[in-house]
Amino acid sequence: MLNTKFFEIVRRAGELMRSYSCPAVRQKEGHADFVTEADEAVQAYLMEALHRQIPSAAFLAEEGEHAALTDALTFIIDPIDGTTNYFRGRRSSVISVGLVEGKRAVAGAVYDPYHDLMYHAERGQGAWCEGERLRVSELPIGQALVELGTSPYHTDLNALTAHALEKLLPRVADVRRSGSAALDLCHVASGTAEGMFEWLLQPWDYCAGSLLVEEAGGKAGNIFGGEATFSEGIPFMAGSAVCFEALRQILWEARDEIGAKGSVDRG
Ligand code: LIP
């Protein structure tokens, strides 16, 4: 399903992303929620090039392509995941292209154009990065690095995020905050982190990365239970087989202690 032409298209999108030296930036509705002209150009390029590859496929993408998800083969795209990192020059942003069919992830790629690293997976065929098979970590939760997503566009979740951090720090080795959920999921799939979570994350942030983690031997899904769904934002988490349930338990404790102040549905 992911052929040479597909990878050429995604790599070309990375070149387009890096071709901007000072992209125009526009604020969207949410707090600290920005989009650049590069996000829009990369998304337009990906949609046009991928439509030529699979004319029957539908699209769901971060910048304005929010049609209802059907059972049809659908590309779910974040043209630049880590947009704030991107326009602040932090060289820590990726391109995420997932493919779902029957509302289930069947293939996906996350491309890091700064290091020329293509992470990819197809369901049942393992997760890979530049020819290397990816495997999640075997470390226990007490030695875990957990990637933290802060949902900056949703300030009503700040107390819950802060309390989750308070619960986590004494029970794991440490946390990391990259600013890109898709990159966090590459770290979990590669075994360089043992878990990640974000109390509200969009399908384009996690579609490809969730399959990477699952195909590397980990788990991904809704913090409150069930597999990841791709029709709307959910409380999302992923982790190694060893740490997933332990991380989920800590997050449930945080949510129960915050009570009604947190605005996260229990799914
Ligand atoms: C971002 C995510 C990040 C999350 C932000 C935002 P964007 O994606 O990757 O983890 O905290 O809220 O969703 O908006 O840069 O494509």
Side-chain angles (χ1 to χ4, degrees), residues 1-15 17-18 42 46 50 53 75-82 85-86 90-100 104-141 143-147 149 173-197 204-221 228 236-244 247:
M1 188 172 280
L2 302 186
N3 58 22
T4 304
K5 185 59 184 171
F6 171 85
F7 293 125
E8 283 173 7
I9 289 168
V10 177
R11 277 197 159 87
R12 172 75 189 93
E15 291 166 9
M17 171 182 156
R18 294 200 60 188
V42 167
L46 284 169
L50 293 172
Q53 290 302 301
F75 284 106
I76 300 185
I77 295 173
D78 191 336
I80 300 179
D81 187 57
N85 284 346
Y86 173 68
R90 295 173 62 92
R91 299 166 63 86
S92 181
S93 308
V94 295
I95 294 172
S96 181
V97 181
L99 204 50
V100 302
R104 193 159 184 256
V106 293
V110 176
Y111 180 53
D112 174 352
Y114 297 105
H115 302 91
D116 192 22
L117 293 175
M118 183 73 75
Y119 299 84
H120 59 95
E122 295 190 43
R123 188 164 292 281
Q125 299 184 34
W128 304 84
C129 180
E130 301 304 326
E132 295 288 321
R133 183 80 182 252
L134 301 179
R135 295 256 186 246
V136 295
S137 158
E138 299 290 332
L139 289 177
I141 191 71
Q143 298 176 40
L145 285 181
V146 175
E147 305 271 6
D174 203 349
V175 298
R176 295 287 185 270
R177 172 41 173 173
S178 76
S180 165
L183 186 57
D184 295 344
L185 289 163
C186 292
H187 294 155
V188 176
S190 306
T192 59
E194 283 65 44
M196 69 82 74
F197 74 96
W204 41 79
D205 295 315
Y206 62 78
C207 180
S210 61
L211 185 63
L212 284 171
V213 171
E214 290 173 347
E215 287 298 315
K219 292 177 72 177
F236 179 83
M237 68 174 287
S240 63
V242 171
C243 291
F244 183 87
L247 174 58

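Numbering of residues begins at 1 and proceeds along the displayed sequence. The figures that follow rest on heavy atoms only: side chains count, while hydrogens, waters and symmetry mates do not.
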Handout entry: Heavy-atom side-chain contact between V242 and L139 under 4.5 Å
Key = no

Problem - Heavy-atom side-chain proximity of F6 to M1 below 4.5 angstrom - result: no

Practice task
Please confirm whether the backbone N or O of V94 pairs with a side-chain atom of Y114, one donor and one acceptor, at under 3.5 Å?
Solution key: no

Practice task
Would you indicate whether the side-chain heavy atoms of S96 and Y206 approach each other to under 4.5 Å?
Solution key: no

Problem - Point-to-point distance, once rounded to the nearest 0.5 Å, from SG of C243 to CD of E138 - result: 9.5 Å

Practice task
Report yes if some heavy atom in the side chain of V175 is under 4.5 Å from a heavy atom in the side chain of L145; otherwise report no.
Solution key: no

Exercise for the section: Indicate yes or no for a side-chain donor-acceptor contact from E215 to the backbone of G126 under 3.5 Å, with no hydrogens or angles considered. Expected result: yes

Handout entry: Partners passing side chain to side chain contact (heavy atoms under 4.5 Å, CB included) against C186 (at least two apart in sequence or in another chain)
Key = V110, Y119, L212

Practice task
Would you mind reporting whether L134 and W128 have side-chain heavy atoms less than 4.5 Å apart?
Solution key: no

Fill in the blank from the handout: E214 meets the salt bridge (charged side-chain N to carboxylate O under 4.0 Å, His left out) criterion, sequence neighbours left out, with R123

Exercise for the section: Please indicate whether E132 has more than 12 foreign heavy atoms, meaning atoms of other residues, nucleotides or ligands, lying under 6.0 Å from its CD. Expected result: no

Handout entry: Set of residues satisfying side-chain hydrogen bond (donor to acceptor under 3.5 Å, both in side chains) with respect to S93, sequence neighbours excluded
Key = none

Practice task
Could you grab the distance from atom CG of D112 to atom OG of S92, nearest 0.5 Å is fine?
Solution key: 7.5 Å

Problem - Any donor-acceptor N or O pair under 3.5 Å, side chains D81, S180 - result: yes

Practice task
Name all residues meeting the side chain to side chain contact (heavy atoms under 4.5 Å, CB included) criterion together with R90; count only those two or more places apart in sequence or in a different chain, and write none if there are none.
Solution key: N85, R88

Exercise for the section: State, yes or no, whether a side-chain contact exists between I9 and L46 at a heavy-atom distance under 4.5 Å. Expected result: yes

Fill in the blank from the handout: Contacts of E130 meeting side chain to side chain contact (heavy atoms under 4.5 Å, CB included) (sequence neighbours excluded), chain-then-number -> R11, L117, M118

Practice task
Would you sort out whether E194 and S137 count as a side chain to side chain donor-acceptor pair (under 3.5 Å), showing the intermediate values?
Solution key: CA-CA 6 Å; E194 283 65 44; S137 158; 2.7 Å; yes

Practice task
Look only at the side chain of E147 and the backbone of V188, and say whether a donor-acceptor pair between them is shorter than 3.5 Å.
Solution key: no

Handout entry: side chain to side chain contact (heavy atoms under 4.5 Å, CB included) involving E8 - partner list, sequence neighbours excluded
Key = T4, K5

